[in-house]
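To start, the structure itself, in structure tokens.
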Amino acid sequence: MTGVSLLDVAGYLPPNQVPLGYFAGGDDTLRDSLMFRAPRFRRHVAPDESAVDMIERAVQPLIDRHGPAAIRDVDIVITHVQLPDQPFSGCGTEVLRRLGCRPKYVLDLHNGGCAAMLHAVKLAADLMRAGSARSALVCIAQNSAGQLFTQSQVRGLPQAPIPGDGCGVAYLVASGESPVLDVECRHYGEAGGDMVIEAEGRKYWEAGEGQLRVGFTEAKIAKVLERGNRIVPEVAQEVCRRIEVASTELDTLITNQPNRTFLRNWREALQLAPERHLDTFDQYGNLFAAAMPITLDEAISDGRVKPGSLVMLAGFAHAGDFAAAAAVRWQGR
């Protein structure tokens, strides 16, 4: 069976750093919830910055390191965009136009949420192991913080300061260089529909005065906390079981980063010291699916993830309708 390697990752963060004071004001009964303890900073996209702009900027370091031909000749391009630029067409084909790619497969992956990178890695790895492709580019754009969460009726809500914007990309090749050892993806239909976008009694695309927001209630928050605390360690432990290592032997854990409570609970469940569970929550907020590639890229660049490290990537989506984990033996750039 063909081996698949996570050869490289890269990231892009908008330059606009937003302090917590920007969100001062407003009142809500959920403000004291563990879900909404805000980070110090986050980044917001510029008003004229598209998801494809973000992806193009995130891919540039990969082009610099591996050459234009390596990226231009990828066989698979998978994109995941939190807030699509257009309602009908995905951004995959525009990414191809910008990068000059002509792949065999273009997939605009809408589900997977905060664990969409791992869903994309699984899909790309399955195609490569079947012999249908030799390389893949995974592009994850989180762009809702500076657009959806800064609206006048949303900015004062406790959920508004949590997200940040950014884009992470991953380059995979059919090789054994930095092998993806195993990937576990689980879908939980019973949680489907528990996270909703509200628009004051209208469909989100209909004209009206109410602004789009994520609909949270105390009951829904309790469900998210229970599911998230449980399913992320479960998928990580399953990967550990299959590659025959204990979770305590992991060198690095990188997860999605909804809040500090989940981060603490996950590393405690896997019996890892805080310094082995890396995150960028206080600098960039909840980056949704972009958190894993951005955090991994920064940790590689500053030497916290060294060649030979056993890295576990794990996370869950939405209100708990999906969870995934992947183990990678990182061998350096």
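On a predicted model such as this, the values are computed, not experimentally measured, just so you know. What you see below is based on every heavy atom in this structure, not just the backbone, and it leaves out hydrogens, waters and symmetry mates.
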Inset, instruction - Apply side chain to side chain contact (heavy atoms under 4.5 Å, CB included) to the pair Leu123 and Ile76, showing each step before the final yes or no. - result: CA-CA 10 Å; Leu123 291 171; Ile76 305 166; over 6 Å; no

Inset, instruction - Flag the pair Arg42 / Pro161 as yes when at least one side-chain heavy-atom distance between them is below 4.5 Å, and no otherwise. - result: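 Yes, at least one pair of side-chain atoms sits under 4.5 Å.
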
Legend entry - Glu298 side chain near Leu13 side chain, heavy-atom distance below 4.5 Å: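 Yes. Closest side-chain heavy atoms under 4.5 Å.
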
Counting heavy atoms not belonging to [X], are there more than 12 under 6.0 Å from its [atom1]?
X: Gln151; atom1: CD; result: yes
X: Glu209; atom1: CD; result: no
X: Glu275; atom1: CD; result: yes
X: Arg40; atom1: CZ; result: no
X: Glu249; atom1: CD; result: yes

Taking all non-hydrogen atoms of both residues, which atom of [X] and which atom of [Y] are closest, and how far apart?
X: Gly90; Y: Asp108; value: CA-OD2, 3.4 Å
X: Met117; Y: Ala289; value: CB-O, 4.4 Å
X: Trp266; Y: Asn229; value: NE1-CA, 3.8 Å
X: Gly164; Y: Leu287; value: O-CD2, 3.5 Å
X: Arg333; Y: Asp297; value: NH2-OD1, 2.5 Å
X: Asn286; Y: Pro258; value: ND2-CA, 3.7 Å

Quick test of your reading of the model: are [X] and [Y] salt-bridged, counting only N-O distances below 4.0 Å?
X: Arg97; Y: Glu94; value: yes
X: Glu49; Y: Arg57; value: yes
X: Arg227; Y: Asp321; value: no

Inset, instruction - Please assess Arg98 against Asp53 for the test side chain to side chain contact (heavy atoms under 4.5 Å, CB included), listing each intermediate value before the final yes or no. - result: CA-CA 9 Å; Arg98 296 275 190 99; Asp53 292 335; 3.0 Å; yes

Inset, instruction - Give, for atom OH of Tyr204 and atom CD of Glu198, the distance between the pair rounded to the nearest 0.5 Å. - result: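 The distance works out to 15.5 Å.
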
Inset, instruction - First locate atom CD1 of Ile254, then atom CE of Met292, and finally report the distance between them rounded to the nearest 0.5 Å. - result: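 Rounded to the nearest 0.5 Å, the CD1-CE separation comes to 9.0 Å.
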
Inset, instruction - Please determine, by modelled atom types, if Asp165 and Gln142 share a side-chain donor-acceptor pair under 3.5 angstrom. - result: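 Yes - a donor-acceptor pair under 3.5 Å links their side chains.
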
Cut-off 3.5 Å, no hydrogens considered: what does the side-chain donor-acceptor table look like for residues 306-316, sequence neighbours left out?
from   : atom 1 : to     : atom 2 : distance (Å)
Lys306 : NZ     : Gly303 : O      : 2.7
Ser309 : OG     : Lys306 : N      : 3.2
Ser309 : OG     : Lys306 : O      : 2.6

Inset, instruction - Any pair with a residue in residues 174-197 that passes ring pair (Phe, Tyr, Trp, His ring centres under 6.0 Å), sequence neighbours left out, goes on the list, sorted by first then second residue, please. - result: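 As it turns out, the ring pair (Phe, Tyr, Trp, His ring centres under 6.0 Å) pairs with a partner in residues 174-197, which skip direct neighbours, are His119-His187, His187-Phe322.
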
Inset, instruction - Mark yes or no for whether Arg276, through its side chain, and Leu250, through its backbone, hold a donor-acceptor pair below 3.5 Å. - result: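 The answer is yes, because a donor-acceptor pair under 3.5 Å joins these two groups.
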
